[in-house]
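Below is one structure, written out as structure tokens; the observations come after it.
The figures here come from the full heavy-atom set of this structure, side chains too, leaving out hydrogens, waters and symmetry mates. Along the sequence shown, residues carry numbers from 1.
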Amino acid sequence: MDKIQVNIKDVLQTVSKADIEALQGAARASLAKLTDGTGLGADFLGWVKLPTTTPDALLDDITATAASLRENCDVVVCIGIGGSYLGAKAVLEALGNAMGVANGPQILFAGQNIGEDYLFELQEYLRGKRFGIIVISKSGTTTEPAIAFRLLKAQLEEQAGREAAGKLIVAITDAKRGALRSLATTEGYKTYVIDDNVGGRFSVLSPVGLLPIAVGGYDIKALMAGARAMEEGTLTGADTSALLYAETRNALYRAGKKIEILVNYNPKLHYFGEWWKQLYGESEGKDHKGIFPAAVDNSTDLHSMGQWIQDGERTIFETVISVERQRHEVRIPTDAENLDGLNYLAGKRVDEVNKMAELGTRIAHVDGGVPNMQILLPALEEQYLGQLIYFFEAACGISGYILEVNPFNQPGVEDYKRNMFALLEKPGYEKETEAIKAKI
């Protein structure tokens, strides 16, 4: 197997092939809206052909910038929130060493929360260390990353000097406008552009994700080659996996399955679940519609969430990511005393045990009324992760259009921001401040 595949046989006890095929017309019409820009949110379709339109020269430039950071830094802090950090974090975790042994500088993240202790402890950790910053924000004024950048920029300038700090900061921002663009121009930072037509949650295959991944020492050209193959297959109709996934999950939704749980059996995929949750939650949760996205890490979560999934309310279905090949091999040894009773597993690879846990769980859940889709991933390698990213992005756009929502806006996200700014008495929010204080 050299590409990801989708297996839907374990949903057919809940929805029929006819139910799924009935959505083929809507799915293909939705795909056409993505390719010809006739659907809602058409101003944010820059991601659709990003793999095939990104020039090698840009990838080479990103790789060169990453090499400079790798040479001059012991730690690189990526500052961003939402799509400005989750995609990079997902790929870095999937490709990296599970014990945190870095292949180059340690990569840390900031600006994804407003935790005072987190920022204090991060700053303490960075004292005396050679560190650099990748700051990601279209505007430069998003609260969480702006606070983190103000703190860390000042610390870096104090530790390295302002001139040297300017060479250790890379800004990924708007091409022409915004606070971060103005600062980067004034200070002479190396910059990359977040195109206006690429929304944050669809930005991992842009410099937003590619630079941190390259700093990690990974092959961004292979990542993009995998995404390019999936783009070409999806848009030409040669690969129907994204269509099938979108059709099936919507057939299940119409059958009363309102919650989708993304399941992995490899702990390195934890942050892929986090990235996927944002992608689908922020894209589909509109107009009081949308499948609720959740994620679990098995077999770990079989000892916490397994009971609910097996016997709880039957409003759920699972999508299981199965990784075919592992990077390493570990076999279970024989023990003469066999006090733990594991000699029946002696000589077997740990991955064989894990796959039987996966298969046994899928059978139990399907028998218990939880439909299961399976996404078969050949290995945790750059080209396959690129395929997986584009697969989920394309299926998300298709699925959102099937639901008849705009998959590319997030009006609900702005509500909490207005309240927060009003409570903090931000200039320009005087009326909102007065109104919200009357409520509390």
Looking at [X] and [Y], what are the two nearest heavy atoms and their distance?
| X | Y | value |
| --- | --- | --- |
| Ala110 | Leu122 | CB-CD2, 3.7 Å |
| Pro145 | Ile81 | CD-CG2, 4.1 Å |
| Val405 | Ser283 | CG2-O, 3.9 Å |
| Tyr245 | Thr319 | CE1-OG1, 3.8 Å |
| Ala42 | Gly37 | CB-O, 3.3 Å |
| Gln278 | Gly82 | OE1-C, 3.4 Å |

Output, in order, the C-alpha distance, side-chain angles, deciding distance and verdict of salt bridge (charged side-chain N to carboxylate O under 4.0 Å, His left out) for Lys176 and Asp196. CA-CA 10 Å; Lys176 296 179 180 178; Asp196 287 342; over 6 Å; no

Nearest 0.5 angstrom please: [X] [atom1] to [Y] [atom2], how far?
| X | Y | atom1 | atom2 | answer |
| --- | --- | --- | --- | --- |
| Cys78 | Tyr85 | SG | OH | 11.5 Å |
| Leu58 | Ile220 | CG | CD1 | 7.5 Å |
| Ile213 | Thr63 | CD1 | OG1 | 11.0 Å |
| Leu180 | Glu187 | CG | CD | 11.0 Å |

Whether over 12 other heavy atoms sit under 6.0 Å from [X] [atom1]:
| X | atom1 | value |
| --- | --- | --- |
| Lys17 | NZ | no |
| Lys49 | NZ | no |
| Lys348 | NZ | no |
| Glu71 | CD | no |

Does the ring of Tyr384 carry Lys3 above it, NZ/CZ under 6.0 angstrom from centre and within 45° of its axis? no

With a cut-off of under 6.0 Å to the ring centre and 45° to the axis, is Arg249 in cation-pi contact with Tyr253? no

Derivation and outcome, salt bridge (charged side-chain N to carboxylate O under 4.0 Å, His left out), residues Asp351 and Arg325: CA-CA 9 Å; Asp351 189 53; Arg325 299 189 302 272; over 6 Å; no

Using atom types as modelled, flag every donor-acceptor pair under 3.5 Å from a side chain in residues 222-231 to any protein atom, sequence neighbours excluded.
| unit_1 | atom_1 | unit_2 | atom_2 | d |
| --- | --- | --- | --- | --- |
| Arg228 | NE | Pro51 | O | 3.3 |
| Glu231 | OE1 | Thr52 | N | 3.0 |
| Glu231 | OE1 | Thr52 | OG1 | 3.1 |
| Glu231 | OE2 | Thr52 | OG1 | 2.6 |

Give a yes-or-no answer on whether the side chains of Tyr218 and Asn103 include a donor-acceptor pair shorter than 3.5 Å. no

When you compare the side chains of Gln326 and Arg349, does any donor N or O come within less than 3.5 Å of an acceptor on the partner? no

Can you label the angle between the Phe392 ring and the Tyr280 ring as parallel, tilted or perpendicular, going by 30° and 60°? perpendicular

Using side-chain heavy atoms (C-beta onward) and a distance below 4.5 Å, is [X] in contact with [Y]?
| X | Y | result |
| --- | --- | --- |
| Leu376 | Glu324 | no |
| Val193 | Arg181 | yes |
| Val215 | Leu92 | no |

So that I know where these two stand, are Phe202 and Phe44 an aromatic pair - ring centroids less than 6.0 Å apart? no

Between Ser299 and Asn354, is a side chain to side chain donor-acceptor pair (under 3.5 Å) present by the stated rule, with each step listed? CA-CA 8 Å; Ser299 65; Asn354 194 36; 5.1 Å; no

Verdict with supporting geometry, Asp10 and Gln374, side chain to side chain contact (heavy atoms under 4.5 Å, CB included): CA-CA 8 Å; Asp10 287 331; Gln374 187 184 27; over 6 Å; no

